[in-house]
Amino acid sequence: LHIGHWYIVTPSDALARFHRMHGDNVFFPIGFDAFGLPAENAAIKNGGHPFTWTMSNIETMRRQFRSMGATFAWDAEVVTADPSYYRWNQWLFLRFLEAGLAYRARSAVDWCPNDGTLAREQVEGTERRCWRCGAAVEKRDLDQWFLRTTRYADELLDFSGLDWPEPIRAMQTNWIGRSEGAEIEFEVAPDDQQRGGDRIRVFTTRPDTLFGATFMVLAPEHPLVGALTAPGRQAEVAAYLEQARRQTEIERLSTDRPKTGVRLGSHAFNPINGAEIPIFIADYVLAGYGTGAIMAVPAHDERDFEFATKFGLEIRRVVAAPGTAAGDPLAAAYLTHADDQRLVNSGRFDGLPADEGGAAIVAALANQGRAEPKVTYRLRDWLISRQRYWGTPIPVIYCERDGIVPVPMDQLPVQLPETVDYAGSGDNPLTRDEAFLRVDCPTCGQPARRETDTMDTFVDSSWYWYRYLSPGATDVPVDRAMSDRWTPVDQYTGGAEHAVMHLLYSRFFTKAMADCGLIGDREPFRRLFNQGQILGADGERMSKSRGNVQDPDELVKRYGADTMRLFLMFMGPWDQGGPWSPTGIGGVHRFLNRVWTLILDAHGREPGDPDAGSLPAGETAAAGRSAIRAAAHRTLRDVSADYEAFRFNTMIAKLMELANALFRYRGTEVAGSLEWAEATRLLLLMLAPAAPHITEELWSRRLTAAGEPWASIHSQPWPQVDPAAVVESIREIPIQVNGKLRDRVTVASDASSAEIEAAVMGRERILAILEGRTPERVVLAGGGRLVNIVLRDG
RNA sequence: GGGCGAGUGGCGGAAUGGCAGACGCGCCGGCCUUAGGAGCCGGUGCCGCGAAAGCGGCGUGGAGGUUCGACCCCUCUCUCGCCUACCA
């Protein structure tokens, strides 16, 4: 475990304990998801089996979690690399296959030289690097397995009823990328070399600009490119296609690169006005989005404008800005299309507001079957095939006669072979493992071949919380009665880096499982909290390759688990994270030592403190007793609210304040009072969820000293605030003049507004500032919490 | 280019319309001590005046605005971080 694990688990465990003290039935499970490259690489390096390596690491982590005091439900633990778990990945996959939610298809996929194929979400950044290993990702055409996430595109946009952070919702919404528009069909014009009649469909969000479509552009990979290339253009087109293929994705996606493209030499008819417009191919049109072809409207699209300018093509304005003439030349694409922009140069649609005109144009063409309203998404189906050994085998069989045959349910799990020969390379050894490969076709009984690809490791983590509820169930992945009772998860914690991967896949799985009748939920996590990430001391993400991973063992050995827990909670807001630095850990350690001293040595006197053993000047013991009682109950009120709101840093600060307040009375007669006993008791109870070990020890010693039978502090009920203890008899009111603090006055807490005002206006300092002038206004703000005297032109 | 988030002492941070800097680190002083890298007590935003008590001014990236009152709300802007990116 590294510091990052402690940072996530510590507050989670404190919350679980806090809720248990409230009598809640808390289910706080743990599991290990260790399929994937790191385990496999370690196995290759050490010559062992990934399973052995994984299980020994898990054993270490279990021990570490116990040393933290994490109160996990160990009897519900799952390990995804164990066949008893991954058989249910296979089982779910087969159910999805039946339901049409899983399918195999050939397409251009993202390919990492180390990890093989990746889902679109797993390619990061402008430079298109693998999320796991950072290698540059290429494109390959391959037959791969997909899960149909796009079936739920609209439902995934609906977050109603979910208490999720806005940034995560925004990221998912952007990722799904819904855009409304129309598909419009263009027909290829006949000419000398071309019989014509081929249909090219385009997607556009701006059908209102159709009259301004002065050319078309196809993606280089568009299927009609060959057919539409005029004989005289073939050499140039072939050269461009070759260049586009060679170009890396990085170069191709770079937006500041000048537009390139070539004419195919054929033309199409603009369906709205019959204009014959040239067809180009250009790599700024992407094969994977929309239809892989666009109608280019240079007057109203920046990219088309740049292309048309470079190639000297007609730029025809069809949306007018208020107050401009239809023929005014454009210096740049004009993008606005609000209600006061009217169509021009658009035949019978002239004068219509742009958006209304667009709808009318689509309606007119729809009558002839040449256009239809259409919604397009950026979201792609989830590519789950991985060309690695260390994952869940995809349970299908390829038969020459019967094609793709699912492994029958009763033959699950398809187990990974226990002996594995990597032959010194990172290739998938399953492809050479004859014992694994050879299988009889379940349908015809003839020799067939198993799928050797395994599943994306994100499949494991997409539904695991259901398995926690019935880890031993043998006929279903999750017992329905249990999931009905316990899910959706009340409180889920995870980092923002999971926004469009784990958190999106989990929502998809939940919906898919619901549609297969396995569960009743359609959302997995009711409330989501994004804890921050602890970075290395260098401010970078912790990783072994950067060498900035922080190991907590040294600090735990020196200060103990409670200090470590407290320090991680005290550092700052939980959702913030930040670079790791142990600076200041001594402060929380000192605090725990002071608590220890308060409880076990209340009457001791500090030799270094000249005032030790005497009450604060001018204070009676009765006042002192009342003060500590008030402090304890106010702290209880505030600390309870802080736990509820996940404000662990201020929660600990308030406990420190209480300890400091009590310390002032150590060694005085107040330390022997009932109020002292109550205040120290509350302090221990409030601290128990955060620092479970030291509080249990001190609690036990108190009970022994009092001659009472032992009981764990962690099964005590959370204490109740006494409202009477919290009220104050007097209070100090700040006095401002024109918003600037000038004085304070002490009044009885139940003083009336008139009494407060009288007290304020009687203050010497205030009279001196007023110099006989009459205030314009006297504001008693916040129910008399503060007074502001307004003096104009003073 | 687009989206989101964040800018407060030497540092981590607190205060979300009402006393800016809680709590902690660090630093300074004192005590205790054979000793202190332990412990305890006190001080500590910046500038000015003052021997001191104290007094005054400035202060939450910058500029405006709303308000009796703004770290907090609004507008513009700068800087940093994260996500995303020729998505038609």
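Sequence lines set the chain letters: A, B, ... in the order given, protein chains first and strands last, and positions in each chain run from 1. Atom set for the values below is all heavy atoms of this structure, side chains included, hydrogens, waters and symmetry mates excluded.
- Salt bridge present: A:E185 and A:R201 bring a charged side-chain N and a carboxylate O closer than 4.0 Å.
- Distances from the side chain of A:R744 to the nucleotides B:A22, B:C4, B:C19 place B:C19 closest.
- Considering only the side chain of A:N174, B:G3 comes nearest among B:G18, B:G3, B:C87.
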Below 3.5 Å between N/O atoms, which protein atoms pair up with nucleotides 31-35 of chain B? Just atom names and distances, please.
{"unit_1": "B:C31", "atom_1": "O2'", "unit_2": "A:G608", "atom_2": "O", "d": "3.0"}
{"unit_1": "B:C31", "atom_1": "O2", "unit_2": "A:G608", "atom_2": "O", "d": "3.3"}

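- Within 4.0 Å of A:R605, counting heavy atoms only, lies no atom of the nucleic acid at all.
- In this structure, the salt bridge (charged side-chain N to carboxylate O under 4.0 Å, His left out) partners of A:E606, at least two apart in sequence or on a different chain, are A:R666.
- Considering only side-chain N and O atoms, A:R380 lies nowhere under 4.0 angstrom from the phosphate OP1 or OP2 of B:C87.
- With B:C68, B:C19, B:C40 as the choices, the nucleotide that has an atom nearest any side-chain atom of A:N788 turns out to be B:C68.
- Using P as the reference atom, B:C41 and B:U79 are 47 Å apart when rounded to the nearest Å.
- With P as the reference atom, B:G26 and B:C80 are 32 Å apart, rounded to whole Å.
- Between A:E166 and A:R169, at least one side-chain N (NZ, or NE/NH1/NH2) sits under 4.0 Å from a carboxylate O, which counts as a salt bridge.
- A donor-acceptor pair under 3.5 Å is absent between the side-chain atoms of A:T173 and the main chain of A:L157, judged by distance alone.
- When the P atom is used for both B:C11 and B:G62, the distance is 15 Å, rounded to whole Å.
- Going from the P atom of B:A22 to that of B:G42 covers 15 Å, rounded to whole Å.
- Ring pair A:W164/A:F159 is tilted by interplanar angle, where 30° to 60° counts as tilted.
- Residue A:A170 is classed as having no contact, given no heavy-atom separation below 4.0 Å to the nucleic acid.
- The base of B:C86 is paired with the side chain of A:K259 by a donor and an acceptor separated by under 3.5 Å.
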- Are A:F307 and A:K310 close enough, and set up right, to give a side-chain contact (heavy atoms from CB on, under 4.5 Å), and what steps lead you there? CA-CA 5 Å; A:F307 193 85; A:K310 180 166 173 182; 5.9 Å; no
- Query: Hey, mind stepping through A:F570 and A:F591 against ring pair (Phe, Tyr, Trp, His ring centres under 6.0 Å) and telling me if it holds?
  - Reply: CA-CA 12 Å; A:F570 184 61; A:F591 162 63; 8.5 Å; no
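- Atom name P, nucleotides B:C72 and B:U8: the rounded distance is 14 Å, in whole Å.
- In this structure, A:R378 is positioned above the aromatic face of A:W175, its NZ or CZ under 6.0 Å from the six-membered ring centre and within 45° of the axis.
- Counting any heavy atom pair closer than 4.0 Å across all strands shown, A:S179 reaches sugar-phosphate atoms only and no base atom.
- Of the residues in residues 574-592 of chain A, those placing a heavy atom less than 4.0 Å from an atom of RNA chain B are A:Q576, A:T583, A:G584, A:G587, A:R590, in numerical order.
- Of the side-chain N and O atoms in A:R378, none sit less than 4.0 angstrom from OP1 or OP2 of B:C87.
- For B:G24 and B:U75, the C1' atoms lie 38 Å apart once the distance is rounded to whole Å.
- Taking every side-chain heavy atom of A:A653 into account, B:C23 is the closest of B:C86, B:G69, B:C23.
- If you check B:A88, B:A14, B:C19 against the side chain of A:Q736, the one that comes closest is B:C19.
- Residue A:V790 is classed as a sugar-phosphate contact, given heavy-atom separations below 4.0 Å to backbone atoms only.
- The separation of B:C76 from B:G59, taken at their P atoms, amounts to 25 Å, rounded to a whole angstrom.
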- Query: What is the per-nucleotide protein-contact pattern of nucleotides 53-62 of chain B, from the 5' end, where B denotes a base atom under 4.0 Å from a protein heavy atom, S denotes such proximity for sugar-phosphate atoms only, and - denotes neither?
  - Reply: --SSSS----
Could you list the protein-to-nucleotides 63-66 of chain B atom pairs, N/O on both sides, closer than 3.5 Å?
none

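- For A:R664, no side-chain nitrogen or oxygen approaches OP1 or OP2 of B:C40 to under 4.0 Å.
- In B:G9 the O4'-C1'-N dihedral to the base is within 90° of 0, which defines a syn nucleotide.
- Listed for the A:Y240 side chain is a donor-acceptor partner under 3.5 Å among the backbone atoms of A:T260.
- Contacts between residues 641-651 of chain A and RNA chain B, defined by a heavy-atom separation below 4.0 Å, involve A:N649, A:T650, listed by number.
- Rounded to a whole angstrom, the distance from the C1' atom of B:C28 to that of B:G10 is 13 Å.
- The residue A:N660 sits close only to the backbone: its heavy atoms come under 4.0 Å of sugar-phosphate atoms, none of a base.
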